[in-house]
Amino acid sequence: MTTFPAVKIYGLKMNGIRFRSLDGLRGSMAVLVLYSHLIGSYFGWRPDRPLAGATLCVLFFFMLSGFVLSASHSKNEGFSYLLIRFARLWPLHFMTTISMLCIYIYNKRNGFYYSSEEVFTLDTVLKNILFLHGMILYKFKLLNEPSWSISLEFWCSLLIPYVFLKARLKIKLLLIPLLLFISYLCYPLKPPSNVLMAAICMLMGNVAYSVKDSSFIRSLSTSALFKPLACLCVIYCTAGIWTGFRGINAYLCLLSFIPLLFLDLTAEEFFVKRFFCSGIILFLGSVSFPLYLFHESVIVSGIVPKKLAFPLYSLSVLVISLAISYVYNEKIGNPLYRKLKTLISRKKSDV
């Protein structure tokens, strides 16, 4: 495997299989979300702008989480699972939320951009910090815009061991089309960014993991049919992200992402798998979580002036965001998570 210089590649290893393609998919989509926000903030948030459908990337994140969490956790973990998920998500969420609050305070005092007066109220700050977005009846202003998905990620991921891993596969297979149909009836324009859709996407990822070792999936993923199918799925999902599919096409994008969850079962020489497992793409995957949450701070801070031409402006924001994300992972995120996870496991064994 080609590795990015001086960078460790972190991938999930389970039962002898390293799901490197999923890391690559996650990293690629984090960059697409970043560029969607760059284009919107630089050129304006027109509905026909490039990458107008980047919300699909976040729904794909939920599907990836459903798959990966089903692989790395069991249905008998109990309360420790909640603590481990909190330890994984909250420290970075807290840091980036406070970072955005400090940036908004600075910007307001110096006549620069801030989203709303509401972001300075204690009530709003606490709701942001406590994973309440999407979980209460009324909306509130987000300090860090990308963090809307983190509260949904936290609460819906609790369904993995407590519900999904315990439910029968046949029931889950029946639930997915039913819930998608209900969602389409309620939200025909596009899949909503709410707790129901996050749960559906995680359920889809969970089911994909549940069937990955079946003879049908094993034979399909190694057949001549799967390679053109995977290529078509990549093209269709990319088109949806780029143009912002509406209606049934947006929902079909979710279904089109499912075969990509099985990329790691394909032959090593398959060029789509080789791309997502290449060194630089895996590096993006290893920093995708902080990259997703930190890039808004870099954009809003104005550390890179918008008077630059867009190619230079966007590249500068990307490089700075990647540098911050890498340093956070190496010096804070990964060491802190390992320590907290060890502490939680130790407390569990003492009970």
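The figures here come from the full heavy-atom set of this structure, side chains too, leaving out hydrogens, waters and symmetry mates. Counting begins at 1 with the first residue of the sequence.
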Quiz item: So F226 and F270, ring-ring contact (aromatic ring centres under 6.0 Å, His included) or not? Walk me through it.
Solution: CA-CA 10 Å; F226 189 82; F270 181 30; 7.0 Å; no
Quiz prompt | Pair E117-K108, side chain to side chain contact (heavy atoms under 4.5 Å, CB included): steps then yes or no | solution = CA-CA 9 Å; E117 291 290 341; K108 181 181 180 181; 2.9 Å; yes
Exercise. Verify side-chain hydrogen bond (donor to acceptor under 3.5 Å, both in side chains) between S286 and Y326, making sure each step is shown before the conclusion.
Key: CA-CA 8 Å; S286 72; Y326 175 68; over 6 Å; no
Quiz prompt | Audit row: K227, T266, side chain to side chain contact (heavy atoms under 4.5 Å, CB included) steps and yes/no | solution = CA-CA 8 Å; K227 291 182 179 180; T266 62; 5.9 Å; no
Quiz item: Passes side chain to side chain contact (heavy atoms under 4.5 Å, CB included), F257 versus L64? Steps please.
Solution: CA-CA 10 Å; F257 191 75; L64 289 168; 4.1 Å; yes
Quiz item: Passes side chain to side chain contact (heavy atoms under 4.5 Å, CB included), R109 versus Y114? Steps please.
Solution: CA-CA 10 Å; R109 289 179 178 176; Y114 62 95; over 6 Å; no
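To the nearest 0.5 Å, atom CG of residue L59 and atom OH of residue Y251 are 9.5 Å apart. Considering CG of L293 and OG1 of T97, their distance stands at 7.5 Å, rounded to 0.5 Å. Note: L69 CG to R88 CZ = 10.0 Å, rounded to the nearest 0.5 Å. Here the CG-OG1 distance, from L132 to T124, works out to 11.0 Å after rounding to the nearest 0.5 Å. One distance of note links CG of L179 with NZ of K172; it measures 13.0 Å at 0.5 Å rounding. Between the CG atom in L291 and the NE2 atom in H295 there is a gap of 7.5 Å [rounded to 0.5 Å].
Here the side chains of F289 and L92 are in contact, with some heavy-atom distance below 4.5 Å. The shortest distance between side-chain heavy atoms of Y292 and I150 falls below 4.5 Å. In this structure, F216 and L220 have side chains that are in contact, with non-hydrogen atoms separated by less than 4.5 Å. Looking at S149 and F61, their side chains never come closer than 4.5 Å, going by heavy atoms from C-beta outward. For the pair I129 and W90, the minimum side-chain heavy-atom distance is below 4.5 Å. When side chains are defined from C-beta on, P50 does not count as touching Y35, because their heavy atoms never get closer than 4.5 Å. At a threshold of 4.5 Å between non-hydrogen side-chain atoms, the residues L175 and I200 do not count as touching. Residues H133 and L142 form a side-chain contact, since some pair of their non-hydrogen atoms from C-beta on lies under 4.5 Å apart.
Residues L232 and L56 are members of separate hydrophobic clusters, defined by side-chain heavy-atom contacts under 4.5 angstrom among Ile, Leu, Val, Met, Phe, Trp and Tyr. Linking Ile, Leu, Val, Met, Phe, Trp and Tyr residues whenever their side-chain heavy atoms come within less than 4.5 Å places L255 and L263 in a single cluster. A continuous path of ILVMFWY side-chain contacts below 4.5 Å connects F275 to F60, so both sit in one hydrophobic cluster. When the side chains of ILVMFWY residues are joined at heavy-atom separations under 4.5 Å, either directly or via intervening members, V211 and L203 end up in a single hydrophobic cluster. Under the 4.5 Å side-chain contact rule for hydrophobic residues, Y337 and M95 share a cluster.
Annotation for I303: atom CD1 does not count as buried by contact number, only 12 or fewer foreign heavy atoms lying within 6.0 Å. Open room surrounds NZ on K170; 12 or fewer heavy atoms of other groups in view lie less than 6.0 Å from it. Shown here is F43, whose CZ atom has more than 12 heavy atoms of other residues, nucleotides or ligands within 6.0 Å. The neighbour count for Y162 OH, taken as heavy atoms of other residues, nucleotides or ligands under 6.0 Å away, is above 12. Within 6.0 Å of CH2 in W148 there are more than 12 heavy atoms belonging to other residues, nucleotides or ligands. Residue K339 places its NZ atom among 12 or fewer non-hydrogen atoms of other residues, nucleotides or ligands, all under 6.0 Å distant.
Between the side chain of Y81 and the backbone N or O of S157, at least one donor-acceptor pair lies under 3.5 Å. Under the 3.5 Å distance criterion, the side-chain polar atoms of N110 are left unmatched by any main-chain donor or acceptor of F112. With hydrogens and angles ignored, the 3.5 Å screen pairs a side-chain donor or acceptor of N194 with a backbone N or O of M197. Under a 3.5 Å cut-off, the side chain of W242 and the backbone N or O of R49 do not form any donor-acceptor pair. The main-chain N or O of D264 is found under 3.5 Å from a side-chain atom of K273 such that the two form a donor-acceptor pair. For the pair N107 (side chain) and V300 (backbone), a donor-acceptor distance under 3.5 Å is present. Remark: the backbone N or O of E145 is not paired with any side-chain donor or acceptor of E296 at under 3.5 angstrom. For S36 (side chain) and L51 (main-chain N/O), a donor-acceptor pair under 3.5 Å exists by modelled atom type.
Salt bridge status for R274 with E268: absent, with no side-chain N to carboxylate O gap under 4.0 Å. Salt bridge annotation for R20-D23: absent, with no cationic side-chain nitrogen under 4.0 angstrom from a carboxylate oxygen. At a threshold of 4.0 Å, the pair D213-R218 counts as salt-bridged, since one of the basic side-chain nitrogens sits closer than that to a carboxylate oxygen.
For the residue pair N206 and S70, a side-chain donor N or O sits within less than 3.5 Å of a side-chain acceptor on the partner. Side-chain contact annotation: S99 with T96, donor-acceptor N/O pair under 3.5 Å absent. No hydrogens or angles considered: a donor-acceptor pair under 3.5 Å links the side chains of N249 and Y236.
In this structure, M63 and L254 approach most closely via the heavy-atom pair CE-O, 3.4 Å. Taking each heavy atom of I344 and I84 in turn, the nearest pair found is CD1-N, 3.8 Å. Nearest heavy atom pair, residue P259 against residue C233, reads CG-SG, 3.7 Å. Listed here is the closest heavy atom pair of E153 and S65: OE2-OG, 2.8 Å. Residue C57 comes nearest to L32 through the heavy atom pair SG-CB, 4.1 Å, listed as atom of the first residue, atom of the second, then distance. The shortest non-hydrogen separation linking L265 to S221 is CB-OG, 3.5 Å.
Remark: K190 is not positioned above the aromatic ring of F245, lacking an NZ or CZ atom under 6.0 angstrom from the ring centre and at most 45 degrees off the axis.
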With a 3.5 Å cut-off and sequence neighbours excluded, list the donor-acceptor pairs that the side chains of residues 312-323 form with protein atoms.
{"unit_1": "S314", "atom_1": "OG", "unit_2": "F310", "atom_2": "O", "d": "2.8"}
{"unit_1": "S314", "atom_1": "OG", "unit_2": "P311", "atom_2": "O", "d": "3.1"}
{"unit_1": "S316", "atom_1": "OG", "unit_2": "L312", "atom_2": "O", "d": "2.7"}
{"unit_1": "S321", "atom_1": "OG", "unit_2": "V317", "atom_2": "O", "d": "2.7"}

